[in-house]
Protein chains: 2
Amino acid sequence: MIDVRFPTALQIMLSLALAQAESVELLSSAQLAEGVDSSPTFVRRLLAPLIQAGLVRSTMGRDGGVSLSVHASAITLGEIYKATMGEKRLWTGRSDIPHRCLVSCNVERFFANLADEVDESVGRLLGARTLAEALSELRTIDAERI
Amino acid sequence: MIDVRFPTALQIMLSLALAQAESVELLSSAQLAEGVDSSPTFVRRLLAPLIQAGLVRSTMGRDGGVSLSVHASAITLGEIYKATMGEKRLWTGRSDIPHRCLVSCNVERFFANLADEVDESVGRLLGARTLAEALSELRTIDAERI
DNA sequence: CGATATGCAATAATGATAGACACATATTTT
DNA sequence: AAAATATGTGTCTATCATTATTGCATATCG
């Protein structure tokens, strides 16, 4: 099954950013789930690491829900990515390749280095964008739809 | 199951580059499969688009096999990636999200744009490296293993 | 105390990827 | 010409990471 955690977490964060901009106090996981066309449980699972990372604040009990814990302009897409994907790398090579020649003995490390560079590259790209900018881009895209 | 096509194709290409450097004429899919610890069928399926892209030359029939069709210094890792992964993007968003608000109406396009930027970033990184340089790095790593 | 939210664990369903096998086709050797 | 052995490809099955579902404990408001 294809991994949709980051796109989904991003949409959730954008929804929370919109709520923040419109001074809506809290959104419930059920409301967010409706927006991302998924289940409240899945949404809460995605929220857990975002809360852990201090990007989102949750209120338990009746009338509870979640909201951004800081302003959207203080959150980068890189933080969202790192929180939701954890240690999982963008690329993972094969492991336990039998060591038989120059290539098979060293590709594993070579590929890991390459994957590191890719991760850093993507990290820089996402780290340079804030959630507030992303919401603004969303508005631009919306306007261009005519 | 995790997608190992690119790391595997890369290892295959590195093996072919090593063969080229050592003046070995051809490698069979069975020999390559042993090196990557996989099946000849899988290797041939990975080779197909590389042949299609003109990076690899194959000889059919008994004593057949494959070899690089040009020198390893004329092949970039970007070409290998593009050939083996085709149109598949590094990131794919959800599709068919119900359109209910500013966010749900436009995230799809927003995410596609972001994925495009990531692809370009990775493409630049891989496009700047040749297979010959990669083989050289493999030798460096091998030497550092002491 | 009832209603309703989050938090979390366990289990089932889904679906992309790799493996296995069959067989047509191409080429060399005998 | 036939045998041996390689590539090329289609189909079916197995694997397994991800997502969905369910159940229940916990927290908070009215």
Side-chain angles (χ1 to χ4, degrees), chain A residues 1-9 11-12 16 19 24-34 36-53 56-67 69 84-97, chain B residues 1-9 11-12 16 19 24-53 55-67 69 84-97:
Chain A
M1 210 174 269
I2 202 169
D3 190 339
V4 294
R5 280 176 295 175
F6 179 55
T8 309
Q11 181 173 350
I12 288 171
L16 292 177
V24 174
E25 286 292 330
L26 295 174
L27 293 180
S28 69
S29 60
Q31 289 174 302
L32 289 167
E34 196 181 3
V36 300
D37 199 29
S38 181
S39 68
T41 303
F42 185 48
V43 170
R44 283 200 293 268
R45 255 202 268 285
L46 287 174
L47 284 171
L50 295 168
I51 293 166
Q52 192 68 25
V56 171
R57 178 168 34 198
S58 96
T59 304
M60 291 185 75
R62 177 169 166 171
D63 301 337
V66 294
S67 62
S69 59
T84 93
M85 300 309 282
E87 287 310 303
K88 193 198 175 195
R89 329 196 121 250
L90 206 46
W91 282 348
T92 66
R94 314 188 73 141
S95 46
D96 307 323
I97 296 170
Chain B
M1 210 173 273
I2 201 169
D3 190 338
V4 294
R5 281 176 295 175
F6 178 54
T8 309
Q11 181 173 351
I12 288 171
L16 291 177
V24 173
E25 286 290 331
L26 295 174
L27 292 180
S28 69
S29 60
Q31 290 173 301
L32 288 166
E34 197 180 2
V36 299
D37 199 30
S38 181
S39 68
T41 302
F42 185 48
V43 169
R44 284 201 293 271
R45 258 198 255 284
L46 286 174
L47 284 170
L50 295 168
I51 292 166
Q52 192 68 25
L55 306 178
V56 170
R57 179 167 35 196
S58 94
T59 305
M60 291 186 75
R62 179 172 166 165
D63 300 336
V66 294
S67 62
S69 59
T84 91
M85 299 309 282
E87 287 310 303
K88 194 197 176 195
R89 328 195 125 253
L90 205 46
W91 283 347
T92 67
R94 316 189 70 144
S95 44
D96 306 322
I97 295 170

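Each chain gets a letter, A, B and so on, in the order its sequence line appears, and its residues count up from 1. As the structure is a computational prediction, the values presented were derived from the model and not from experiment.
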Under 4.0 angstrom, heavy atoms only, what part of the nucleic acid is [X] near: base, sugar-phosphate, or nothing?
{"X": "Val4(A)", "answer": "sugar-phosphate"}
{"X": "Ile51(B)", "answer": "sugar-phosphate"}
{"X": "Ser39(A)", "answer": "base"}
{"X": "Gly64(B)", "answer": "sugar-phosphate"}

Please report, rounded to the nearest Å, how far the [atom2] atom of [N] is from the [atom1] atom of [X].
{"X": "Leu32(A)", "N": "dT6(C)", "atom1": "CG", "atom2": "P", "answer": "8 Å"}
{"X": "Ile2(B)", "N": "dG15(C)", "atom1": "CD1", "atom2": "C1'", "answer": "16 Å"}
{"X": "Asp3(A)", "N": "dT17(C)", "atom1": "CG", "atom2": "P", "answer": "12 Å"}
{"X": "Leu50(B)", "N": "dG8(D)", "atom1": "CG", "atom2": "P", "answer": "11 Å"}
{"X": "Glu25(B)", "N": "dA6(D)", "atom1": "CD", "atom2": "C1'", "answer": "16 Å"}
{"X": "Met60(A)", "N": "dG7(C)", "atom1": "CE", "atom2": "C1'", "answer": "6 Å"}
{"X": "Arg62(B)", "N": "dT7(D)", "atom1": "CZ", "atom2": "P", "answer": "13 Å"}
{"X": "Trp91(B)", "N": "dA16(C)", "atom1": "CH2", "atom2": "C1'", "answer": "20 Å"}

Next on the checklist: Is it the case that dT11(D) (base atoms only) and Arg45(B) (side chain only) share a donor and an acceptor within less than 3.5 Å, ignoring hydrogens and angles?
Outcome noted: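 In this structure, the two groups form a donor-acceptor pair.
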
Output the single nucleotide from [options] whose closest atom is nearest the side chain of [X].
{"X": "Arg5(B)", "options": "dA20(D), dA18(C), dT7(D)", "result": "dA18(C)"}
{"X": "Asp63(B)", "options": "dT28(C), dG7(C), dA20(D)", "result": "dT28(C)"}
{"X": "Met1(A)", "options": "dG7(C), dT14(C), dT29(C)", "result": "dT14(C)"}
{"X": "Arg44(B)", "options": "dA16(C), dT7(D), dT19(D)", "result": "dT7(D)"}
{"X": "Ser28(A)", "options": "dG8(D), dA20(D), dA5(C)", "result": "dA5(C)"}

**Residues forming a salt bridge (Lys or Arg N to Asp or Glu O under 4.0 Å) with Arg57(A), sequence neighbours excluded** =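 Counting only residues at least two positions away or on another chain, Arg57(A) forms no salt bridge (Lys or Arg N to Asp or Glu O under 4.0 Å).
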
* Asked: OP1 or OP2 of dT6(C) sitting under 4.0 Å from any side-chain N/O of Ser29(A)?
  ->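 Yes, such a contact exists.
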
Check this one for me: any side-chain N or O of Ser58(A) less than 4.0 Å away from OP1 or OP2 of dG7(C)?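 Checking Ser58(A) against dG7(C): at least one side-chain N or O falls below 4.0 Å of OP1 or OP2.
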
Kindly give the heavy-atom pair with the smallest separation between [X] and [Y], and that separation in Å.
{"X": "Gln31(B)", "Y": "Ser28(B)", "result": "OE1-N, 2.8 Å"}
{"X": "Ala33(B)", "Y": "Val43(B)", "result": "CA-CG2, 3.6 Å"}
{"X": "Arg5(B)", "Y": "Phe42(B)", "result": "CG-CZ, 4.2 Å"}
{"X": "Ala9(A)", "Y": "Leu46(A)", "result": "N-CD1, 4.1 Å"}
{"X": "Trp91(A)", "Y": "Leu90(B)", "result": "NE1-CD1, 3.2 Å"}

For DNA chain C, the dot-bracket notation using Watson-Crick and G-U wobble pairs below 3.5 Å, [ ] for pseudoknot-type crossings and | for other-strand pairs, is ||||||||||||||||||||||||||||||

Per nearest nucleotide of DNA chain D, the residue lying toward the 5' end, Thr41(B) or Thr41(A), is Thr41(B)

Given the rule in the side-chain contact (heavy atoms from CB on, under 4.5 Å) test, do Leu32(B) and Leu47(B) qualify, once you have shown the distances and angles that lead to the verdict?
-> CA-CA 10 Å; Leu32(B) 288 166; Leu47(B) 284 170; 4.3 Å; yes

Kindly list each side-chain donor-acceptor pair under 3.5 angstrom involving residues 59-67 of chain B, sequence neighbours excluded, with atom names and distances?
none

